[in-house]
Enquirer: 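The following block contains the structure, expressed as structure tokens.
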Amino acid sequence: MTQPETSLMTRLTALCKRRGFVYPASEIYGGLNGFWDFGPLGVQLKNNLRDAWWHDMVECPPMGPDGKPLSIVGVDTAIIQHPQTWVSSGHVGGFSDPMRKCGGCGHFVRGDHLWDILAKECAWMDSLLQEFTPVTGGIDSPRLLKWARSKGKKLAPNLALVKNPEVTLSFLATRINGQPDAPPEMMEMVRYLATEQLHQTGLQDPCPLCGAPLGEEVAFTLMFESHTGIEKSNSSKVYLRPETAQGIFLEYKNIIDTSRVKPPFGVAQVGKAFRNEVTPRNFIFRTREFEQMEMEFFCPPEDGMMWYEFWVNERLRWWEAQGVKKENLFRHVIGDADRAFYSAATSDIEYLYPFTAPNFGELEGVAYRTDHDLKNHQTHSKVNLEYIDQENGNRRYIPHVVEPAAGLTRGMLVLLCEAYRYDESRASPEWLKLKPSLAPIKLGIFPLVNKDGMPEIAEKLYLDLRRSYTCQYDAKQSIGKRYARMDEAGTPFCITVDGETLKDQAVTIRDRDTAQQERVALDKVRAYLAERF
Ligand code: GAP
């Protein structure tokens, strides 16, 4: 099957816009980077994923290792909380990215991503490396000079090698030719090429966009700030929550006091979170406003690692149950150096996104947060958050927490990537193979033609079935076009009332995946659907 030339993400983004899944926010004003709106099909798909998570976490949680159902309750806490919340959680002061500003073009780069960007995404670096393969004992100055005066000028106008080629090259030659047996690493050479004569004493890191030296790292906070009340001052400052989790910790004591829960138990929440991401990108993968589905599982300290393993496996299984192929999911155990300081163990559940392939990218994090959050809130609020275990001699302890934290909007992207199909032999080459229970529209209901008694039967069927399924009634255009539209929306079944229906009291049901049609008696339609959903 020939595939179109445009990238899968470009096609998926276009399909999402065309069919009303996702639109760029504020589009009529030119858009706003990092913000997206969900259209009629998008909000339905997102709600279906949210509802599946809520059902499987809160209404019908999994069985625990003892074979009994787990106890998990839900909350919906305020987006804006007391600002001290974010001091205690470590977000104020700690939740920041190390940023470096380019002295040439003013572009900001994440300090900890710089060399990844240079190695993977930087056009001038790529071009330069093609010209320049360091040879032990020397460098090919004429080739580099030629590059600097042609391609380099366009690609990296501020690179020292481009601005001042002779001086930079003679400087580089002295360094490399002076120590022919031990030439510096490739990356170090690039830093030489960015280094101007003026700065010979120190290597400069080059800007991926223009090549000019980057400035020192500064901490850039990801927290969105706002103010409450009339006067804006430091004391009126509040934050939009960067995660839903902290609202759960703040309500932990109320929940213990008012519900019949005792450790081990979980508290789940779905809602918006906000992060002023430096580089929002990849459609709805990394945005500045997004939704999370988080659950904090409170347990006795000695059981923390056991529950951590339990939830990693459970969450992998759950994503598979939503129709994500096992081979497209990956458990990434985060190493000691990369883990948040409060976490005793973290695994990311990763997905093979088209834009990360052949690598995987994060979909959900499962972190063993120990007693970090409750302990800090206890210290700062001076409210005792210990649990008193009356069944065990009034043992007092601060529960440990295991947190499966998934992105709802990112999860929706995973469903769309996973469902996207391209098949030129179909009426709509692009179609979505969504799991039927998650599909935004479950049934398309059509009269074959808009006359001869067909619309009346189709409308009656529609009015009956829409009480149980999200249905769309459509009487316009050819039947082929209507099937194609439903395939693009990921609708699993279409029901057509035709000329025969009046005679045989049966309809045609078309299956999205096989495009096969079956004749089903009108009074058997409900049973047919119940079996398939
Ligand atoms: N309470 C823990 C926490 O917030 P996280 O790994 O920062 O952990 C959890 O976020 C999940 O939220 C991520 O795995 C991802 O799916 C989603 N997420 C985080 N930042 C996001 C962003 N800027 N845009 C979309 N989704 C995001």
Enquirer: Indicate whether any N or O donor in one side chain lies under 3.5 Å from an N or O acceptor in the other, for Tyr420 and Arg11.
Expert: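 Yes, because at least one side-chain N or O of Tyr420 sits under 3.5 Å from a partner of the opposite role on Arg11.
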Enquirer: Measure the acute angle between the ring planes of Phe298 and Phe249, then classify it against the limits of 30° and 60° as parallel, tilted or perpendicular.
Expert: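 Judged by the thresholds at 30° and 60°, the geometry between Phe298 and Phe249 is perpendicular.
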Enquirer: For Arg510 and Asp487, what are the C-alpha separation, side-chain angles and deciding distance, and is it a side chain to side chain contact (heavy atoms under 4.5 Å, CB included)?
Expert: CA-CA 11 Å; Arg510 175 184 177 272; Asp487 281 355; 2.9 Å; yes
Enquirer: For Leu45 and Phe38: C-alpha separation, side-chain torsions, deciding distance, then whether side chain to side chain contact (heavy atoms under 4.5 Å, CB included) applies.
Expert: CA-CA 9 Å; Leu45 175 60; Phe38 295 91; over 6 Å; no
Enquirer: Tell me whether Glu518 is salt-bridged to Lys524, with the criterion being a basic N under 4.0 Å from an acidic carboxylate O.
Expert: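 Not counted as a salt bridge, because no side-chain N and carboxylate O are separated by less than 4.0 Å.
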Enquirer: So, Ser468 and Arg526: side-chain donor and acceptor under 3.5 Å apart, yes or no?
Expert: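 Side chains of Ser468 and Arg526: pair found under 3.5 Å.
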Enquirer: Output yes when a side-chain donor or acceptor of Tyr252 lies under 3.5 Å from a complementary backbone atom of Leu385, and no otherwise.
Expert: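 Yes, Tyr252 side chain to Leu385 backbone: donor-acceptor pair under 3.5 Å.
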Enquirer: Check whether Phe285 forms a cation-pi arrangement with Arg281 (NZ or CZ under 6.0 Å from the six-membered ring centre, at most 45° off the ring normal).
Expert: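 Pair Arg281/Phe285 does not count as cation-pi.
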Enquirer: When the ring centroid of Tyr353 is compared with that of Tyr351, is the distance short of 6.0 Å?
Expert: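 Yes.
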Enquirer: Salt bridge check: are Glu243 and Arg369 linked by an N-O gap of less than 4.0 Å?
Expert: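 Yes, Glu243 and Arg369 are salt-bridged.
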Enquirer: Evaluate the ring planes of Tyr368 and His400, with Trp represented by its six-membered ring, and classify them as parallel (under 30°), tilted (30 to 60°) or perpendicular (over 60°).
Expert: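 Ring orientation, 0 to 90° scale: tilted.
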Enquirer: For Glu386 and Arg396, indicate whether the former's side chain and the latter's backbone hold a donor-acceptor pair under 3.5 Å.
Expert: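 Between the backbone of Arg396 and the side chain of Glu386 there is no qualifying donor-acceptor contact (under 3.5 Å).
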Enquirer: Once you measure the plane-to-plane angle for Phe341 and His372, does it fall in the parallel (<30°), tilted (30-60°) or perpendicular (>60°) bin?
Expert: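 Because their plane-to-plane angle is over 60°, the rings of Phe341 and His372 count as perpendicular.
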Enquirer: Given the rule in the side chain to side chain donor-acceptor pair (under 3.5 Å) test, do Gln246 and His377 qualify, once you have shown the distances and angles that lead to the verdict?
Expert: CA-CA 10 Å; Gln246 294 304 320; His377 287 306; 2.7 Å; yes
Enquirer: With no hydrogens and no angle check, just 3.5 Å: does a side-chain donor-acceptor pair link Tyr239 and Thr85?
Expert: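 No, because no side-chain N or O of Tyr239 sits under 3.5 Å from a partner of the opposite role on Thr85.
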Enquirer: Does a salt bridge link Arg485 with Glu488, judged by any charged N lying under 4.0 Å from a carboxylate O?
Expert: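 Looking at Glu488 together with Arg485, the answer is no, because their closest N to O distance does not fall below 4.0 Å.
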Enquirer: Minimum heavy-atom separation for Leu416 and Cys16, please, with both atom names.
Expert: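 Heavy-atom minimum between the residues: CD1-SG, 3.7 Å.
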Enquirer: Keeping Asp348 on the side-chain end and Glu350 on the backbone end, is there a donor-acceptor pair under 3.5 Å?
Expert: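 No; zero donor-acceptor contacts below 3.5 Å.
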Enquirer: Determine yes or no for a side-chain-to-main-chain donor-acceptor pair under 3.5 angstrom, with Arg50 supplying the side chain and Leu408 the backbone.
Expert: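 Judged by distance alone, no pair lies under 3.5 Å.
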Enquirer: For the pair Arg482 (side chain) and Asp474 (backbone), establish whether a donor and an acceptor sit closer than 3.5 Å, ignoring hydrogens and angles.
Expert: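 Checking the backbone N and O of Asp474 against the side chain of Arg482, a donor-acceptor pair under 3.5 Å is found.
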Enquirer: Can you confirm whether the side chains of Gln472 and Thr491 place a donor and an acceptor under 3.5 Å from each other?
Expert: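 Checked: Gln472/Thr491 side chains show no N/O donor-acceptor pair below 3.5 Å.
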Enquirer: Side-chain donor-acceptor pair under 3.5 Å between Thr508 and Gln517, yes or no?
Expert: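 No.
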